Novice: 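What follows is a single structure, and I will ask about it in a moment.
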Amino acid sequence: MQKPSLPKGTRDFSPVQMARRNYIFGVIKETFELFGYQQIETPSMENLSTLTGKYGEEGDQLLFKILNSGDFLKKTTADDFAAGAKAMLSKIAEKGLRYDLTVPFARFVVMNRNDLQFPFKRYQIQPVWRADRPQKGRYREFYQCDADVVGTESLSCEAEIILMIRRVFKRLGLLDYSIKLNNRKILTGIAEVMGAEGMEGPLCVAIDKLDKIGWSKVQEELLQRGFDDGGIQKLQPIIDLKGNIPEKIEFLKEFLKQSEIGLKGLNELEGVIDTLKQMGENLDFVEFDVVLARGLSYYTGAIFEVKVNNVSIGSVSGGGRYDNLTGVFGMDDIPGVGFSFGVDRLYDVLEELDLFPEAALEGTKVLLVHFDKKGYEYGLGLITKFRENGIRAEIYPDSVKIKKQFDYATKKQIPFVAICGDNEIVSKTIALKNLDSGEQSSLTLAEAIDRLN
RNA sequence: GUGAUUGUAGCUCAGCUGGUUAGAGCGCCGGUUUGUGGCACCGGAGGUCGCCGGUUCGAACCCGGUCUUUCACCCCA
């Protein structure tokens, strides 16, 4: 006998967990559809040529590769072995598990370009896999819920993303969170002003840690990454920047006046805010975070990140605008913007805050119990009637002690038990008992159905 | 990938400087109660102490490896 086990970073989901997950999925799905997004799915595995090189060197290392079928060594030579694992990879693995939903989506758009109606709004809810070291809130298999729109530069898309985030969070009962908003071009502009043109990549990586390690450590890291002291000092007012959104914009207009691209980014950000206003919306939960810098290299415009306050889980949603995601697949000039909810993290957050509604767990409404074969057969004649009337009903399948049947109902949180015994058979009724209150009444089938509806 | 950390019954955890048959609470099964669950009382089952190897007269305890958990870094949802 072997002890069963699970691969690192993967999990089973029990019925209770699934009910709760489906509750979250349901809210997200309904919201995406309300905004006109259409669902697609793509395969779990993609060709490695589709995946590699899209997530940076780090990302490539985190890809799960799939060994070729059959004799996977048949294309290799002794030289390949000598050259090491990296060189050999392309000869023994041609496929990999998807790392996110955005790159497969880009591939999908290119392959189906003639059949799609642009602007194309799609959503996708599927698992992704990363060969990361698991930690709290970090798994090797987890779901993403992506919504992207491609084929338009309209800032209304960004505004709608904010509205979708707000709707989902409201539905889930989350009231204390912030939608951090920034624009990659602003970061580019800041790098320019610092005299470090083109270095916004390393700037982002360092600045992103400000919350975690503090300003002085960030300065050290910037020096290490090749920024000069004068430039870093110019960053100081950005770090200290406080105030509401208009105030921050006002400051940056001045700060970025030398940087054309920086001003463009600022302009886009204002555009998103104006669009919200035109839609009759406000800026609740929206925060302009000048030092928000998301890792993924393909973002070129707006960037978002959502963090629930006062919980131990990292960001639960993020996204941004990209100019040319499909370019690598040979289709230029398709701008897009998208974002993703991390269901597994949302789950952890809702659990931590104890926000799952009881109703998310509702299962069977009534259990038919019986004392003997006669009662069981009487119950079999009734069970279908309940179901035909839309009542979730079960009949206990075995002839066991009534206590055990009641126990089953209690454990499974079934609120009603319908007792089928000799008395009921004679009077053509059932004894319907509310397990919560203990109240019991003798009812005809029609009355019972009425009561349960 | 780097550095730590965790693992004892279904669950949460005790278990002395290595020393007979490894414990508790909860849960589970049975009974008090053969037409009524939750509560109470009584009884019972259940562990090759993550796995492999080593040291020792003797290992849950010490050592090595491995897997797993959690954490920091890296990166990210």
Side-chain angles (χ1 to χ4, degrees), chain A residues 1-11 14 24 28 55-63 85-86 99-102 125-146 204-206 208-209 212-213 217 221 293-297 304-308 312-320 338-349 367 369-372 374-375 396 399-426 430-442:
Chain A
M1 193 195 73
Q2 76 184 85
K3 208 168 194 174
S5 65
L6 232 37
K8 190 201 278 274
T10 66
R11 301 149 298 156
S14 67
I24 301 173
I28 292 172
Y55 310 106
E57 205 170 316
E58 297 271 354
D60 285 354
Q61 279 180 359
L62 297 181
L63 286 172
K86 218 172 168 185
Y99 178 89
D100 70 359
L101 301 178
T102 310
I125 298 177
Q126 290 190 273
V128 304
W129 293 268
R130 297 183 186 178
D132 215 349
R133 273 284 180 97
Q135 289 180 27
K136 183 170 193 154
R138 172 181 279 185
Y139 309 100
R140 287 186 146 183
E141 177 183 61
F142 62 95
Y143 270 74
Q144 290 193 327
C145 306
D146 269 38
C204 290
V205 173
D208 204 31
K209 296 179 191 162
K212 255 192 205 161
I213 62 176
K217 289 258 167 123
E221 184 157 344
R294 291 185 46 79
L296 284 178
S297 47
F304 317 91
E305 189 163 288
V306 186
K307 174 93 179 66
V308 179
S312 60
I313 315 290
S315 65
V316 292
S317 175
F339 77 113
S340 173
F341 287 110
V343 175
D344 303 84
R345 284 192 176 175
L346 276 172
Y347 185 101
D348 292 342
V349 166
L367 176 72
V369 303
H370 38 84
F371 299 99
D372 50 27
K374 259 164 53 199
Y396 198 90
S399 286
V400 297
K401 289 208 180 92
I402 199 85
K403 177 181 162 77
K404 192 163 172 134
Q405 302 182 47
F406 268 76
D407 237 33
Y408 174 83
T410 306
K411 293 276 158 58
K412 215 172 155 181
Q413 297 194 43
I414 299 173
F416 290 93
V417 160
I419 300 159
C420 308
D422 292 345
N423 300 345
E424 285 74 23
I425 294 173
V426 171
I430 51 162
L432 188 69
K433 178 161 186 170
N434 180 329
L435 285 187
D436 207 31
S437 64
E439 210 178 312
Q440 182 173 329
S441 36
S442 182

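No experiment lies behind these values; they were computed from the predicted model shown. Proteins get letters first, then strands, A, B, ... in listed order; numbering begins at 1 in each.
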Novice: Using the C1' atom as the point on both nucleotides, what is the distance between B:A22 and B:A59, in whole Å?
Specialist: 13 Å
Novice: Sticking with atom C1', work out how far B:U70 lies from B:G53, rounded to a whole angstrom.
Specialist: 26 Å
Novice: In dot-bracket form, how is RNA chain B paired, counting a Watson-Crick or G-U wobble pair only if both its distances are under 3.5 Å and using | for bases paired to another strand?
Specialist: ((((..(..((((.....[...)))).(((((.......))))).....(((((..]....))))))..))))....
Novice: Could you tell me how far B:A24 sits from B:C42 if I compare only their P atoms? Round to whole Å.
Specialist: 15 Å
Novice: Is there a side-chain contact between A:Q405 and the phosphate of B:U36, meaning an N or O under 4.0 Å from OP1 or OP2?
Specialist: no
Novice: In whole Å, measure the gap between the C1' atoms of B:A60 and B:G47 for me.
Specialist: 11 Å
Novice: Which of parallel (below 30°), tilted (30 to 60°) and perpendicular (above 60°) describes A:Y408 and A:Y396?
Specialist: perpendicular
Novice: Say we look at B:C61 and B:G18: how far apart would their C1' atoms be, to the nearest angstrom?
Specialist: 6 Å
Novice: Expressed as a whole number of Å, how far does the C1' atom of B:U68 sit from that of B:U8?
Specialist: 15 Å
Novice: Provide the distance between the two P atoms, one in B:G31 and one in B:G37, to the nearest whole Å.
Specialist: 13 Å
Novice: What is the distance, rounded to the nearest whole Å, between atom CG of A:D344 and atom P of B:A77?
Specialist: 13 Å
Novice: Assert yes or no for the condition that the ring centre distance of A:Y99 to A:Y55 is strictly below 6.0 Å.
Specialist: yes
Novice: Taking only the side-chain nitrogens and oxygens of A:K403, find out if one of them lies under 4.0 Å from OP1 or OP2 of B:U36.
Specialist: no
Novice: If you check every side-chain atom of A:K433, which of B:G37, B:C76, B:C74 has the closest atom?
Specialist: B:G37
Novice: Between B:G35 and B:G15, how far is it from one P atom to the other, in whole Å?
Specialist: 49 Å
Novice: Look at the side-chain N and O atoms of A:K401 and state whether any lies under 4.0 Å from the OP1 or OP2 oxygen of B:U33.
Specialist: no
Novice: Does a distance-only test, which skips hydrogens and angles, find a donor-acceptor pair under 3.5 Å between the side chain of A:Q440 and the base of B:U36?
Specialist: yes
Novice: Starting from P on B:G35, measure out to OH on A:Y396 and report it in whole angstrom.
Specialist: 17 Å
Novice: Of the nucleotides B:U36, B:C75, B:C71, which has the atom closest to the A:R133 side chain?
Specialist: B:C71
Novice: Near RNA chain B, which residues from residues 413-422 of chain A have a heavy atom under 4.0 Å away?
Specialist: A:I419, A:G421, A:D422
Novice: Is A:N423 side chain donor-acceptor paired with the B:G35 base, going by distance under 3.5 Å alone?
Specialist: yes
